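Predicted, not measured: the structure shown is a model, and the values here were computed from it.
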Amino acid sequence: LTALDMQRVHQKWMADRRSRGLEAPPLGVGIATGAVVVGNIGTPSRMDYTALGRPVNLAARLCGKAEADEILTTRETHRQALMAAQTWSEETPLPHIRFAKKGTIELKNVTEPLDVVRAEV
């Protein structure tokens, strides 16, 4: 849902920039799930709030492969999203999200080719 919101806001931002004759770079989103470490990491002289872990790296690689206005995820994250949708109990209804197989791609620093799924409204 956050990725869909990001795309919606970004499209408005791009339209505003184009109307003013400015460059409007596209946005692709990558999503992965799993355990990560988050927090202030670094030294006393340079501290950053960040997230570390395989899912963070995987999401960044998927983001790099995503085309304009595309949301890419893994088959496992897709499975988890479907399970979460079945137990959704918020007052706001979930939007209808379609998932389509993007294909198998190779990603830098990922040992095996990965089945990738595209999400769209």
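Under the 4.5 Å side-chain contact rule for hydrophobic residues, Ile97 and Leu27 share a cluster. Linking Ile, Leu, Val, Met, Phe, Trp and Tyr residues whenever their side-chain heavy atoms come within less than 4.5 Å places Val29 and Val117 in a single cluster. Using a 4.5 Å cut-off between side-chain heavy atoms of Ile, Leu, Val, Met, Phe, Trp and Tyr, with links allowed through other members, Tyr49 and Val36 fall into the same hydrophobic cluster. There is a path of hydrophobic side-chain contacts, each under 4.5 Å, that joins Leu4 to Met6. The hydrophobic cluster containing Phe99 does not contain Leu72, counting ILVMFWY residues as joined when their side-chain heavy atoms lie under 4.5 angstrom apart, directly or transitively.
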Worked verdict on Asp16 versus Lys12 for salt bridge (charged side-chain N to carboxylate O under 4.0 Å, His left out):
CA-CA 6 Å; Asp16 176 62; Lys12 289 179 186 176; over 6 Å; no
Going through the distances and angles, do Leu107 and Val116 end up as a side-chain contact (heavy atoms from CB on, under 4.5 Å)?
CA-CA 11 Å; Leu107 300 170; Val116 176; 5.6 Å; no
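When all heavy atoms are compared, the tightest approach of Met14 to Pro26 is SD-CA, 3.8 Å. Nearest approach of Ile31 to Thr73, heavy atoms of both residues: O-OG1, 2.9 Å. For the residue pair Pro44 and Met47, the shortest heavy atom distance occurs at N-CE, 4.5 Å.
Within 6.0 Å of CD in Glu120 there are more than 12 heavy atoms belonging to other residues, nucleotides or ligands. Around the CZ atom of Arg20, the shell of radius 6.0 Å holds more than 12 heavy atoms that belong to other residues, nucleotides or ligands. Atom CZ of Arg54 is surrounded by 12 or fewer heavy atoms from other residues, nucleotides or ligands within 6.0 Å.
Checked by atom type and distance alone, the side chain of Thr74 never pairs as donor or acceptor with a backbone atom of Ala32 at under 3.5 Å. Side-chain atoms of His10 never come within 3.5 Å of backbone atoms of Gly28 as a donor-acceptor pair (strictly under, hydrogens ignored).
Atoms CG and OG1, from Leu58 and Thr33 in turn, are 8.5 Å apart once rounded to the nearest 0.5 Å. The CG atom of Leu82 sits 11.0 Å away from the OG1 atom of Thr77 when rounded to the nearest 0.5 Å. The OG1 atom of Thr43 lies 9.0 Å from the CG atom of Asp48; values are rounded to the nearest 0.5 Å.
Inter-residue side-chain proximity for Leu94 and Leu1 is flagged as met; some heavy-atom pair is nearer than 4.5 Å. In this structure the side chain of Leu52 reaches within 4.5 angstrom of the side chain of Ile41, judged on heavy atoms.
With 3.5 Å as the limit, one finds a donor-acceptor pair spanning the side chains of Glu76 and Gln80.
Shown here are the side-chain hydrogen bond (donor to acceptor under 3.5 Å, both in side chains) partners of Lys65, two or more places apart in sequence or in another chain: there are none. Partners of Arg18 according to the salt bridge (Lys or Arg N to Asp or Glu O under 4.0 Å) rule, which considers only residues two or more places apart in sequence or in another chain, do not exist here.
Under 4.0 Å is where a charged nitrogen must lie from a carboxylate oxygen, and between Arg118 and Glu67 no such pair does.
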